[in-house]
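Numbering of residues begins at 1 and proceeds along the displayed sequence.
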Amino acid sequence: MNNKSKRSSKKWVGPMFRRLNRFCRKFHLVKWLAVLFLTVMLAMSTYLVFLAKTAHVQNLESSLAKTTEIFDASNHKAGELYAQKGTYVHLNRVSKNIPKAVLSTEDRDFYHEHGFSIKGIGRAVFLLVKNKLLHRDYISGGGSTLTQQLVKNAYLSQEQTMTRKLKELFLAIQVENVYSKKEILTMYLNNAYFGNGVWGVQDASQKYFGQNAVDLSVPDAAVLAGMLTSPSAYNPIDHPKAAKWRRNVVLQLMVENNQLTQAQANYYKKTPIVVRDTYVRKDGYKYPYYFDAVIDEAISKYGLTESEIMNRGYRIYTNLNQSQQQAMQTTYNNDALFPSNAADGTEVQSASIGVSPTTGGVTAVVGGRGKHVFRGFDRASQIKRQPGSTMKPLAVYTPALEAGYKFDSELVDKKKSYGSNHYTPKNYNNVYQGKVPMYQAVAQSMNAPAVWLLNQIGVNRGYQSVKDFNLPVTKKDKNLALALGGLSGGVSPQQMAGAYTAFANGGKIVKPFYIRKIVDSTGKVIVDNTAKQQGRQIMSASVAKQMTSMMLGVFNNGTGVDAKPYGYSVAGKTGSTEADNTGSSDATKDKWIIGYTPDLVVATWEGFDSTSQAHHLENLSGTGVGPLFRNEMQTMLPYTKNSSFNTKDAQTIVQDENKDNGNLWDTIQKKTDEYSNKFEQKAKDFINDAKSWFKH
């Protein structure tokens with residue numbers, strides 16, 4: 001730049017700077033910026049202090065030491081949940097070589113700091129500024145003390161941001177205020193991750209060296225300490241060379257930290273790493289679909305996170321009936337009870353759920369066949385499928401009885417068209433009887449009478465009834481197809497089981513649920529759902545009784561005869577839906593059976609996850625799922641009170657009434673003949689007496 005340009009620049013910059021300076025002095029801009037900065041810092045500090053104070057770090061040790069346990073309806077232990085959990089051991093059961101190696105590697109000033117390191121924070125700030133200049137939205141690492149690592153694993157995510165680092169700092173200070181160094185070190189060693197799904201020094205010692213943590217040698221302790229920075233890269237099973245290199249680095253760090261002499265380190269560096277895996281993973285996840293559902297409910301209803309549930313040492317009390325759950329799982333493990341796989345090997349899927357009709361407690365659940373995936377797709381609660389004829393009792397027959405019809409009312413059974421779109425429901429096999437009593441239409445799952453009846457009582461009445469049963473319907477469903485389960489969306493077995501509780505519970509509907517109570521690691525109750533559900537009366541007890549009498553016929557002489565468990569009276573309904581565009585008139589997409597006693601409601605669905613020409617069921621009668629359902633009920637009902645219904649099968653009631661009427665007529669006829677004979681005899685006697693009078 002030449003002198004002329006410099007003079008021109010000074011002429012321009014100088015006046016601007018003076019104007020800016022006058023502006024700042026006039027409006028005290030610097031002071032206001034300082035006040036704003038201090039206000040922001042105060043607010044942030046207040047928030048972080050509040051976060052640290054409300055994190056309940058006083059519960060940290062107990063929550064890390066204990067495994068989350070699941071208890072059944074009888075308060076018996078049913079299993080365990082754990083993720084970042086290993087076998088918890090106290091420091092006196094850990095070789096002194098381990099903390100020496102770990103502290104030499106991770107935090108040499110552990111005993112001389114209060115949860116944070118000034119040098120470490122300076123390093124972290126430098127890296128933050130560097131990354132911001134390079135447009136990287138993360139911290140490269142550094143700055144974390146051993147206490148900070150502990151609270152990061154216990155409370156925070158692994159994201160590398162400044163916000164997380166600040167939370168980590170304040171929580172670490174709070175932990176240092178509550179616990180001794182020995183307690184913090186114990187928690188850290190038990191909560192550290194060592195690769196291959198192993199947490200804590202005790203299980204890591206078993207996994208890699210076949211020993212207890214208390215027996216670990218110096219070089220083996222150095223191997224574990226070396227893994228802390230990158231468990232996947234430095235574990236001796238998968239990467240023996242890298243593990244040995246890293247071990248030798250740790251040994252040298254131990255020399256620098258005065259925990260070893262150079263001669264000792266040199267000797268240990270020459271020793272080979274001998275891997276011996278004797279670790280046996282605990283498997284307390286005995287009832288996978290039920291435990292998955294418990295976790296989901298704790299998250300969705302009670303605001304807990306998966307990490308908290310798995311790692312905080314809760315005691316979760318549920319409605320689980322272990323005998324019924326085991327019976328259901330055994331049934332699902334029997335492939336003979338299911339249709340054959342598709343030609344390409346795809347399995348027919350299924351889901352079942354058992355619910356107490358008086359409490360709403362879910363007693364058992366299986367959400368699918370095949371290998372279980374942790375918190376994977378649960379068909380018992382997450383599928384949205386058409387319910388078919390299992391909708392008839394909800395959308396048609398219950399509201400019809402409430403409107404004044406009786407279980408033996410005559411219904412029109414003819415092939416008819418309705419509305420401008422000429423909706424024409426058809427019975428199975430296209431067979432019609434002209435008129436049928438309602439109980440027969442229910443038992444034989446006839447379509448034409450159901451649609452005719454819904455048309456008679458009005459679609460609005462049927463639609464409102466379905467809503468009363470807690471099923472998800474929309475205005476799009478306000479049409480006659482509702483009678484046959486034609487929904488714009490769909491339902492799950494859990495929703496259908498919940499709906500049918502009303503029939504088994506005197507007209508009161510209850511909502512299915514899993515968790516009764518959650519207690520934290522200190523014994524404090526954080527969720528209390530033990531009060532018995534009052535239920536909601538959606539029909540009269542008389543209507544519920546009539547519905548049960550009709551649905552007993554489904555299993556006694558109707559579409560569910562092959563699903564009836566031996567020695568038990570079960571009421572309920574079968575259902576199926578057609579599979580379109582498959583080229584087969586008998587192709588079925590969904591098969592349903594919902595059955596109940598006064599003690600248990602079980603809803604079972606069967607079908608393919610994705611229906612196509614290659615993946616569909618056969619036979620529209622709805623009986624293909626019968627053996628599966630029968631086996632479920634046969635093995636689950638023995639673990640109930642075996643209460644009896646307060647009514648008989650509708651067909652039996654009608655037959656008894658006809659029989660009684662016949663007996664009454666016979667009695668009247670007999671008495672009439674008797675009186676007639678007596679009258680005739682009296683008349684003869686009177687005539688004979690009269691004759692004798694006239695003779696005299």
Is there a donor-acceptor contact under 3.5 Å linking the side chains of [X] and [Y]?
| X | Y | value |
| --- | --- | --- |
| T604 | E632 | yes |
| S488 | T474 | yes |
| T390 | Y500 | no |
| N642 | T640 | no |
| S445 | K573 | yes |
| S465 | T398 | no |
| K392 | N447 | yes |
| S381 | D378 | yes |
| Q326 | Q322 | no |
| D72 | N319 | no |
| N505 | T358 | no |

Just wondering, do E606 and P339 contact through their side chains at under 4.5 Å, heavy atoms?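 Result yes, sub-4.5 Å side-chain heavy-atom pair found.
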Below 30° counts as parallel, above 60° as perpendicular, anything between as tilted: where do the rings of F555 and F629 land?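 If you compare the ring of F555 with that of F629, the planes turn out parallel.
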Relative to each other, are the rings of Y317 and F71 parallel, tilted or perpendicular (30° and 60° limits)?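 If you compare the ring of Y317 with that of F71, the planes turn out parallel.
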Using a 6.0 Å cut-off, check whether atom [atom1] of [X] has over 12 heavy atoms from anything other than its own residue.
| X | atom1 | result |
| --- | --- | --- |
| K384 | NZ | yes |
| K406 | NZ | no |
| K426 | NZ | no |
| Y463 | OH | yes |

Lys/Arg cation over aromatic F338: R369, 6.0 Å, 45° cone: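 Ring-cation test returns yes.
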Stepwise side chain to side chain donor-acceptor pair (under 3.5 Å) check, N341 with E347: CA-CA 5 Å; N341 295 344; E347 273 190 321; 5.2 Å; no
Centroid-to-centroid, F407 to Y397, below 6.0 Å?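 Not under 6.0 Å, so no.
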Can the ring centres of Y289 and H372 be said to be less than 6.0 Å apart?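 For Y289 and H372, the ring centres are under 6.0 Å apart.
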Side chain to side chain contact (heavy atoms under 4.5 Å, CB included) partners of P472, counting only residues at least two apart: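 Testing P472 for side chain to side chain contact (heavy atoms under 4.5 Å, CB included), a comparison that skips the adjacent residues, returns V491, Q495.
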